[in-house]
Protein chains: 4
Amino acid sequence: MSRGPKRIPSMVKNPQLVEKRRRQIIRGACDLFIRKGFHKTTTREIARECGLSIGTMYEYIQSKEDVLYLVCDYIHSELEARLKKALDQEGTGRERLTRAIAQHFKAMDAMRDDVLLIYQETKSLPKDAMSYVLKKEEEITSLFEAVLQRGIQDGTLNLDQSSVKLMAHNIMVLGEMWTFRGWVLRQHYTLEEYTRLQTALLLDECTHQSRR
Amino acid sequence: MSRGPKRIPSMVKNPQLVEKRRRQIIRGACDLFIRKGFHKTTTREIARECGLSIGTMYEYIQSKEDVLYLVCDYIHSELEARLKKALDQEGTGRERLTRAIAQHFKAMDAMRDDVLLIYQETKSLPKDAMSYVLKKEEEITSLFEAVLQRGIQDGTLNLDQSSVKLMAHNIMVLGEMWTFRGWVLRQHYTLEEYTRLQTALLLDECTHQSRR
Amino acid sequence: MSRGPKRIPSMVKNPQLVEKRRRQIIRGACDLFIRKGFHKTTTREIARECGLSIGTMYEYIQSKEDVLYLVCDYIHSELEARLKKALDQEGTGRERLTRAIAQHFKAMDAMRDDVLLIYQETKSLPKDAMSYVLKKEEEITSLFEAVLQRGIQDGTLNLDQSSVKLMAHNIMVLGEMWTFRGWVLRQHYTLEEYTRLQTALLLDECTHQSRR
Amino acid sequence: MSRGPKRIPSMVKNPQLVEKRRRQIIRGACDLFIRKGFHKTTTREIARECGLSIGTMYEYIQSKEDVLYLVCDYIHSELEARLKKALDQEGTGRERLTRAIAQHFKAMDAMRDDVLLIYQETKSLPKDAMSYVLKKEEEITSLFEAVLQRGIQDGTLNLDQSSVKLMAHNIMVLGEMWTFRGWVLRQHYTLEEYTRLQTALLLDECTHQSRR
DNA sequence: TATGAATGAGTGTTCATTCAT
DNA sequence: TATGAATGAACACTCATTCAT
């Protein structure tokens, strides 16, 4: 279905070195993009922050936008990895969903700045890179779809098929909401309260479907 | 509570002229920001689009960021106005909430590009302007809080006080979600379906609170 | 036949100002290109030399290559003007040709650096600008063709039609030769000697054609 | 007279290896310089084209300009070799001259891109390298001088001493003209026609000198 | 000898803002 | 009030050259 991430060409041949340097670049750039935004961060700042000369950095990327893509892709990979670990467990569909939501919210809390970054800067990517990033987002969302389906099959969740996709998106968005409304939500709720209340809302919906 | 919008100084004395010119600027800039993003739009382009010379434009603003603030503020006002009109009606709290949600979603659909713009470019505002914009967002959210409270009072809604704020935010976010996940949601749901399903989710929660 | 020179867009509206500034640019750039070559001259140097800030200079051109085109076009215009003045006189075709050659050689001597510049840097122009420059060169050459034809008609020159074009090019090239072989030719010949000898060669050919 | 070509230092001791590698470099660079020009060709491209790593390439040269010199010198050697072969034959001075001209023109046709390269990029050489190249050009020219003198001595050519040098240059330039005006000349003349007409022009002059 | 990753000064170009008219 | 020419700091990116391995 997905043919993996976009390949960013590098002038350097040794793939391990490329991997290593790009990790440096991602780490440095991510911090800066979060602090100052993509457009207000200069390539020289990125280079300095990740301990490379500007010339060396450009041996590993082709453009500043490549850096943004690298960062976005990294953040998504990180999110996906965390979520997959949470799903890789036993229990009924309902139990797994509950854990997945909690884990998702925890990830959102831990990576709130990174997620915010994706929300705000994805649009600065070139067309093709943006498609990749959006596709990745969809893939992550589909992880929740899968858990929902499983719960429907084992009878622990009750949800109309037409609502499955929507619910998956709802879960994603109510998680992300903790990042982009965090500045006010955190004034009123701890992450635990937030998780409890939103989980209730979401699971409730997967219980009383029959009523509608 | 709120001390009204941030004042943007102008070199021009006649307030009606200022008002008129700024409307021109907002209209032109808004289009451009949506099409190209704030950073990739130049002041020259804005001036051309709104039919002013750059010199003249700068008589009515102090910086490019002022334009962004003007645009964001305008969009929020528009959203608020639409919502207030929907709330300015009779019926039980529950009925009013239902209508408000529908109206909110409709507004999100109509103004999806504008809302997206706010989501993506608010962070480009200077600190103080950003506070104003975020505060405005909060004010709009509080409109839903008020409706919820009213429904609780008249007994048509059942919701724990601790959840009121969260629900208001949920309503806001599930509306905005139609803008920033629209590219995929619209492949599966019409606005009507979306509204029906999400309203169910939200109202359901304001009905069975006792269970928890 | 020719639709005039390539239009270089300018950000500045006042055409007289554009004309004036571009003259400044041409003068400054021409000197520098001759001294250092096109590629080794920086845009900053050009700006400084012509008394404009770099930003201002870019209000009147779109790229460094535009400057090169402006310079090449100017040099050609200058050459053409000088030649046309020489042709705008009375006498038999043979007399006119003699004067035209002398004038051409004189122009080459006076503008030797400029002509050399065209020889060496035309290839640095973008494709379309290069066509314009080459076409102009052809137009100038055709001025000699016209004089030759006139001499043939009035019987003062004797030249096969098939040779006319070639002779025109020969005249051009033997003139230009004074610029790009000048460093050694000037060690052995004055411009007058050079002109006399080459004119003899060329006119001789337009006299004894019958022998072949 | 000439102290041979400029010595380009190499880090590598084995002279045969140096010779071999430089042949590689010349072949690769010459192609690129013709296609893209000297300044728009990067050292990386040259290295790639000739199958060496940049590091290795720099063991055999000291700078990019060295490569240009190597290429120019090679082209001249090639031209000189071809011409010498043509002169290494029997016959009267006049016959030898005729053959030399034809051979020269044929060489110009075959190596038109290379000759053009020399015309356009010689000025990019450092001062001292440029002198070498110009001297080489002069040497080649003097080959024609020698043939002319020989024809004068054996009475088959009639030319004033003062014109000998000029005629030699004329021969050179009318040959080179086939390269830098080829784009238009080839539209009207084949190489054979061109050679016939120009040879007539040149030999004619070496026949009727007495008249002047 | 051969390699290729590292370097950073230097390049062409942009654009928010000012200010004389 | 309106204009738009002028400004120059700042930007993304390149590339000849070096040097540790």
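Letters A, B, ... are given to chains in the order of the sequence lines, protein chains preceding strands, and every chain is numbered from 1.
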Q. In whole angstroms, how far is the C1' atom of F:dT18 from the CG atom of D:Asp66?
A. 16 Å
Q) Tell me: CD1 of C:Ile61 to P of E:dG12, nearest whole Å? A) 10 Å
Q) What integer distance in Å separates B:Leu32:CG from E:dC15:P? A) 13 Å
Q.
Checking A:Lys123 against B:Glu121 for the salt bridge (charged side-chain N to carboxylate O under 4.0 Å, His left out) test, could you report, in this order, the C-alpha distance in whole Å, the side-chain angles of both residues, the deciding distance, and whether it holds?
A. CA-CA 10 Å; A:Lys123 62 136 212 316; B:Glu121 304 291 12; 3.6 Å; yes
Q.
Output the rounded distance in Å from CD1 (A:Ile54) to C1' (F:dA10).
A. 13 Å
**Q.** Residue closer to the 5' end of DNA chain F, B:Met57 versus A:Gly55 (nearest nucleotide)
**A.** B:Met57
Q) Can you check whether D:Thr42's main-chain N or O pairs, donor with acceptor, with D:Glu45's side chain at less than 3.5 Å? A) yes
**Q.** Assigned partner base of E:dT21, Watson-Crick or wobble definition, under 3.5 Å
**A.** F:dA2
Q. OP1 or OP2 of F:dT17 less than 4.0 angstrom from a side-chain nitrogen or oxygen of D:Tyr58, does that happen here?
A. yes
Q: Please report, rounded to the nearest Å, how far the P atom of E:dT7 is from the CZ atom of A:Arg48.
A: 15 Å
Q: Under 4.0 Å between any heavy atoms, over every strand shown, what does D:Lys13 touch: base, sugar-phosphate, or nothing? Just pick one.
A: sugar-phosphate
(Q) Heavy-atom nearest nucleotide on DNA chain E for B:Phe38 versus A:Asn14: which residue maps closer to 5'? (A) A:Asn14
(Q) Return the pairing partner of F:dT7 with a 3.5 Å limit on both distances, Watson-Crick or G-U wobble; otherwise return none. (A) E:dA16
**Q.** NZ (C:Lys20) with more than 12 external heavy atoms under 6.0 Å
**A.** no
Q.
Under 4.0 Å, heavy atoms only, any strand: does A:Arg21 hit a base, just the sugar-phosphate, or nothing?
A. sugar-phosphate
Q. Is the distance from OP1 or OP2 of F:dA6 to the nearest side-chain N or O of C:Tyr60 less than 4.0 Å?
A. yes
Q.
Regarding C:Met11, tell me which of base, sugar-phosphate or nothing describes its non-hydrogen contacts under 4.0 Å with the strands shown.
A. sugar-phosphate
Q | Donor-acceptor pair, side chain of D:Tyr69 and main chain of D:Lys6, under 3.5 angstrom | A | yes
Q) What nucleic acid atoms does A:Thr56 come within less than 4.0 Å of, heavy atoms only: base, sugar-phosphate, or nothing? A) base
Q.
Rounding to an integer number of Å, can you tell me how far C:Lys20 NZ sits from F:dA5 C1'?
A. 11 Å
Q) If you look only at pairs with a residue in residues 58-74 of chain B, which of them pass as a salt bridge (charged side-chain N to carboxylate O under 4.0 Å, His left out), with sequence neighbours excluded? A) A:Lys40-B:Glu65, B:Asp73-B:Lys136
Q: Please figure out whether C:Glu65 or B:Thr42 has its closest DNA chain E nucleotide nearer the 5' end.
A: C:Glu65
Q: Consider the side chain of A:Arg44, meaning its heavy atoms from C-beta on, and name the nucleotide among F:dA12, E:dA16, F:dC15 that approaches it most closely.
A: F:dA12
Q. D:Leu17 has a side chain; which of F:dA2, E:dA2, F:dT14 sits nearest to it?
A. E:dA2
(Q) Need to verify one output field. Residue with the more 5' nearest nucleotide on DNA chain F, C:Gly51 or D:His39? (A) C:Gly51
**Q.** Atom-pair distance (CD1 on B:Ile46; C1' on E:dC15), nearest Å
**A.** 12 Å
Q: Would you kindly give the NZ-to-P distance between B:Lys64 and E:dT14, to the nearest whole Å?
A: 15 Å
Q) So what does D:Ser10 touch, heavy atoms closer than 4.0 Å: a base, only the sugar-phosphate, or nothing? A) nothing
Q | Interatomic spacing from CG in A:Leu70 to CD1 in A:Ile61 - rounded to 0.5 Å | A | 8.0 Å
(Q) Mind checking if D:Leu52 touches a base, just sugar-phosphate, or nothing, with heavy atoms under 4.0 Å? (A) nothing
Q: Would you mind telling me which of F:dG8, F:dT1, E:dA5 lies closest to the side-chain atoms of A:Val12?
A: E:dA5
Q: Please work out if C:Thr43 contacts a base, only the sugar-phosphate, or nothing of the nucleic acid, heavy-atom cut-off 4.0 Å.
A: base
